[in-house]
Amino acid sequence: MILKRKDLLGLEELAAEEILGILDVAEQFRNIFDRPVRKVPIMRGRTVVNLFFEPSTRTRISFELAEKRLSADIVNFSASTSSLKKGETLRDTAENIEAMKVDMIIMRHGSPGSAAYLARVLKSSVINAGDGAHEHPTQGLLDMMTMRQRLGNLAGRNVTIIGDIAHSRVARSNIWGLTKLGAQVTVCGPPTMMPPDVRRLGVRVEYDLRRAVDGADVLNILRVQLERQARSVFPSNREYHRMFGVTEEVVRLLKPECFIMHPGPMNRDVEISSEVADGPRQVILEQVTNGVAVRMAIIYLLSGGDPGSLRGETD
Ligand code: CP
């Protein structure tokens, strides 16, 4: 069994073998995307609820597509039209949904630890689709899947994560996952966007972008999270772009095979120039495609799926 757990809350709690096992199963599901019918009947009769309390394009649609491609029944919860508006708590809301006999809840929420809290009070499996600035485990997994497709083994590879490290759940999940697989991670951004204890996560810290990209195999560029910053932590978007934006000038410093990732949504001409965002080095839409496969793998494995029995469905 690859995942001996009820929930997926973060990559901090996963072992390297579990991460690699998920990525292998995701590659099997990725095979079916090139077929005329991109669907397998293996979650028929199971019910998944998508509980999104924060805006999302990629993660919400990706989970929904993953569920549909596994033939699960789906319910999409809309916080803005729910009884939360009448003062119902998150716990009461979730317990009422669970009482309708569902198997799995996917949740995005603005509060760090909210997915872990639900996992404690519910019997259903909970998948964290992003909890505040804490973790975004499926994003970390899809990023690693994309890196592994291009680089093979990630051990010893140099991954540079650039941007708002302090506010980024994507950075945290990437750091946990990549370091477990033996990659060397460098984080780079303004000092005001760097968590004080970040070196304890086993990363190199660079405040100079040009030094940070030297020798990198991958750049993973983070979105400047304007909505999470109570006060401005850099003077202006123009200033940020000048100091930490990945532009054609930065790309000229990279190794020829180095490629560029971004989890989306992008702030064009803030953390990444439009030329780079649309240029030949970027793999941003490959990340999005892989996201559906990773989410299929997680849903399948947490439901007790056996990868050995998948062969007939995905070959
Ligand atoms: N990468 C990501 O989480 O994007 P969304 O906010 O659109 O889901």
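Read the numbers this way: they start at 1 and go in the same order the structure lists the ligands and their atoms. These values consider heavy atoms only, across backbone and side chains, with no hydrogens, waters or symmetry-generated copies.
Atom 4 (O) of ligand 1 has as its closest protein heavy atom Arg58 NE, 3.0 Å. Pro263 O, 2.9 Å is the protein heavy atom nearest to atom 1 (N) of ligand 1. Looking from atom 2 (C) of ligand 1 to the surrounding protein, the closest heavy atom is Thr59 OG1, 3.5 Å.
A heavy-atom separation below 4.0 Å is found between Arg108 and ligand 1. Remark: distances from the non-hydrogen atoms of Gly264 to ligand 1 include one below 4.0 Å.
A salt bridge links Arg211 and Glu206; the closest N-O separation between the charged side-chain nitrogens and carboxylate oxygens is under 4.0 Å. Remark: Glu18 does not engage Lys4 in a salt bridge, criterion side-chain N to carboxylate O under 4.0 Å. Salt bridge Arg242/Glu239: present, at least one basic N to carboxylate O contact under 4.0 Å. A salt bridge does not link Asp103 with Arg46: every distance from a Lys NZ or Arg NE/NH1/NH2 to an Asp or Glu carboxylate oxygen is 4.0 Å or more.
Of the residues listed (Arg281, Arg148, Arg30, Arg150), the one engaging Glu286 in a salt bridge (charged side-chain N to carboxylate O under 4.0 Å, His left out) is Arg150, and it is the only one.
In this structure, of Asp143, Thr57, Ile61, the residue bringing a heavy atom nearest to atom 7 (O) of ligand 1 is Thr57.
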